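Only a predicted model underlies this, so the values are computations on that prediction, with no experimental measurement involved. Residue numbering restarts at 1 for every chain, and letters A, B, ... go by the order of the sequence lines.
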Amino acid sequence: MHIPTMAEWQAKGEMPELLYWVGCAASFDARAQRTARALATIFSRAGIRFGILGNEESCTGDPARRAGHEFLFQMMALKNIQTLNQYGIHTIVTSCPHCFNTLKNEYPALGGHYQVWHHTQYLYRLIREKRIQLKPVSQAALQSVTYHDSCYLGRGNGIYDAPRDILQALQLKVVEMAHHRSRGLCCGAGGAQMWKEEEKGNIRVNIARTQEALATGSSTIAAACPFCHTMLFDGLKHAGKEDEVQVKDIAELVAEHLA
Amino acid sequence: MMLVQQILFIALLVYAITRFSRQVRKIRRNVLLGQDEQITGSRWKRWKNVLLLAFGQKKMFRNWIPAILHLFVYLGFIIINLEILEIILDGILGTHRLLLPLLQDIYPVFISAFEVLAVLVILACSIFLIRRNILHVRRFEHPEMTRWPRQDANNILIFEIILMLLFLTMNASDQALQLKHYGHYHAAGDFLITRPIAEGWKQFSPALLVAFERGAWWLHIAGVLFFLNYLPYSKHFHILLAFPNTYYAPLEPKSQMPLMESLLPEVRSMMGLAVENEPQQVSPPAHFGAKDVFDLSWRHLLAAYSCTECGRCTAACPANQTGKRLSPRKIMMDTRDRLEEVGRNIDANGQFVDDGKSLLDYISEEELRACTTCQACVEECPVSISPLGIILELRRYLVMEASRSPQEWNAMFTSIENNGAPWAFPPDERAQWAAEL
Ligand code: SF4
Ligand code: SF4
């Protein structure tokens with residue numbers, strides 16, 4: 001399957017339904033790439049015409065901005081907005097809550113106005129509108145899964161229900177962790193922590209969070225952010241549980257359940 | 001005799017109010033040392049926040065037990081203040097229970113309600129004291145809770161209990177005198193709590209009861225006025241500032257950072273983009289980000305004075321929970337402490353004289369670096385404070401002006417600049433994930 005870039009769409013003189021903003025993690029990180037592939041599969045099954053920016057996509061500037069480098073953020077933002085506006089993009093779906101927050105909330109002040117969806121919102125819509133068919137309930141169903149709230153989706157943008165609604169639609173039993181929804185405990189990656197050693201403390205944030213996830217007894221931890229995904233997987237490895245318990249993005253779970 | 005009391009009372013009242021307003025003006029001056037910031041967004045939403053969060057205590061109810069206890073104290077405070085109105089009028093006019101003839105039969109109903117609240121306040125404050133000093137609830141035990149903040153919290157609780165006891169003593173002796181049909185102590189009907197007490201106190205001589213009544217009346221009102229003047233030095237100032245602070249709190253999503261407009265012309269011209277709306281000539285900022293309280297928005301400074309030091313933010317902070325030095329409550333307390341220091345400097349010198357210090361002498365780089373920007377502190381704060389907002393402003397200064405950032409962050413910045421990604425992968429590999437489809 002070939003995923004056309006916006007440049008290719010433009011060359012054909014056509015406009016796709018949406019732009020899939022992949023984000024750096026899903027572009028380069030092996031585990032997060034699975035999310036990107038799952039989403040691409042779902043989109044094409046649903047017959048959605050979508051494009052990507054390919055090498056024209058750049059970091060939104062989020063990690064630089066959170067680290068304090070506003071200058072670099074503004075450079076990246078202006079560059080991306082130029083690209084997006086040049087293609088006349090109006091609808092964006094992204095699989096990264098940090099990109100989502102930046103594109104949706106922070107680009108408008110710099111002249112970038114788009115309709116931005118996080119993939120969990122968009123997938124839930126596809127399910128609700130029956131644009132994708134899910135497998136009928138099987139015996140293997142009713143497995144329990146726990147969902148880890150991403151800070152930038154949940155507290156940041158109030159998206160608590162869409163991911164849980166999807167899990168329910170997949171006939172999975174959602175078991176909540178001790179801290180969930182607006183009280184959810186961070187995975188430890190945000191605020192540019194992903195790119196540096198943690199400060200001195202008693203325990204790593206991701207290990208603490210993974211312990212909460214393991215305490216639910218679920219065999220699957222569902223994530224909706226590539227950074228949470230990495231952090232939780234590292235937490236599982238630390239606990240020596242990576243063979244018994246898996247971390248999966250909601251998009252991967254949906255792709256597995258496609259009829 | 002009455003006249004002397006009246007004059008004394010008016011003098012005390014005028015002194016207390018003058019002194020209080022002087023303190024409030026100083027705090028206002030300090031808050032306005034911050035950067036100017038336009039308030040945008042719907043007024044209606046802001047008022048709604050004031051109603052729900054400040055009046056309605058909505059966030060408090062994320063935690064039921066303290067919420068209910070706090071509600072008693074809060075309602076007690078607001079409602080008993082109605083009674084203070086009568087007390088003040090009595091003091092000025094030299095009357096006794098001025099509103100009795102006006103309200104007649106409803107009067108004892110009002111007073112009874114106040115008395116019930118007074119008992120609830122005593123109960124709640126006692127439990128709060130136990131939680132802090134005997135149960136040592138963890139939220140009150142962090143390193144920033146040094147002697148003064150602990151003392152301050154206990155002072156307030158003990159003071160509230162004393163004020164309520166004085167109020168009840170005043171009423172009980174008054175009721176006993178009424179039972180004796182003594183002097184101007186006209187029957188005011190039965191007060192729910194103090195009437196039974198008065199039955200027991202009937203045995204005391206009228207002179208003793210009058211001494212009790214007058215003594216409690218004076219100590220109570222003097223205590224209230226003292227309390228008023230204690231507020232500006234205390235975390236208890238939140239009872240006033242919680243209202244403006246929730247009004248002015250940002251309406252934007254918690255994850256949204258404010259744009260530094262002052263940088264924009266430079267960034268645009270560097271990128272060869274036309275610089276829009278030139279005429280508004282933004283003067284370059286004193287600092288990139290915040291080094292000291294002057295560089296923060298006045299909204300952050302108002303927030304610092306509004307902080308209740310409750311530690312809900314710190315209890316929810318992932319960095320703090322995992323033993324990092326960061327505590328969002330400390331960020332707010334440090335901001336206030338530094339601002340107070342600056343204020344004293346201005347008081348002493350007429351204007352601020354450089355003292356070679358800054359907010360960064362209070363807050364360390366290690367603390368600032370531990371933040372994951374998870375917004376849990378913002379979510380939990382009952383009075384809509386964002387410690388995160390201050391952390392991010394200080395980070396901007398560290399990175400953009402002081403060039404103090406961890407090596408790994410510098411590498412990340414370089415990657416973003418050169419490769420358009422925070423890792424050193426070339427843009428041409430961006431779509432490789434799709435090759436395996
Ligand atoms: S945003 Fe930062 S300070 Fe606030 S709770 Fe999260 S890690 Fe702690
Ligand atoms: S910032 Fe808010 S939550 Fe934190 S201590 Fe102050 S009042 Fe409490």
Inset, instruction - Specify whether A/Trp195 and B/Trp423 have parallel, tilted or perpendicular ring planes, treating 30° as the upper limit for parallel and 60° as the lower limit for perpendicular. - result: tilted
Inset, instruction - For the pair A/Arg155 (side chain) and B/Glu379 (backbone), establish whether a donor and an acceptor sit closer than 3.5 Å, ignoring hydrogens and angles. - result: no
Legend entry - Backbone of B/Met257 reached by a side-chain donor or acceptor of A/Glu106 within 3.5 Å: yes
Inset, instruction - Side-chain contact test, heavy atoms from C-beta onward, threshold under 4.5 Å: evaluate it for A/Leu78 versus B/Arg268 and give yes or no. - result: yes
Inset, instruction - Using atom types as modelled and distance alone, determine if a side-chain donor or acceptor of A/Asn55 lies under 3.5 Å from a backbone N or O of B/Pro427. - result: no
Inset, instruction - State whether the side chain of B/Lys324 and the backbone N or O of A/Ile203 hold a donor-acceptor pair below 3.5 Å, judged by distance alone. - result: yes
Legend entry - Modelled atom types, side-chain donor and acceptor of B/Arg62 and A/Ser182, under 3.5 Å: yes
Legend entry - Ion pair A/Glu70/B/Arg396, N-O distance below 4.0 Å: yes
Legend entry - Donor-acceptor under 3.5 Å (A/Lys196 side chain, B/Arg369 main chain): yes
Inset, instruction - Return yes if some donor-acceptor pair links the side-chain N/O of A/Glu198 with the main-chain N/O of B/Ala370 below 3.5 Å, else return no. - result: no
Inset, instruction - Check whether any side-chain N or O of A/Arg183 sits under 3.5 Å from a backbone N or O of B/Glu380 as a donor-acceptor pair, and report yes or no. - result: no
Inset, instruction - Compare every heavy atom of B/Met400 with every heavy atom of A/Phe71, then report the nearest pair and how far apart it is. - result: N-SD, 3.6 Å
Legend entry - Main-chain N/O of A/Glu197 paired to B/Glu408 side chain as donor or acceptor, under 3.5 Å: yes
Legend entry - Donor-acceptor contact below 3.5 Å, side chain B/Arg430 vs main chain A/Glu56: no
Legend entry - Under 4.5 Å from any heavy atom of chain A - which part of B/Leu326: neither
Legend entry - Backbone N/O of B/Met260 and side chain of A/Gln74: donor-acceptor pair under 3.5 Å: yes
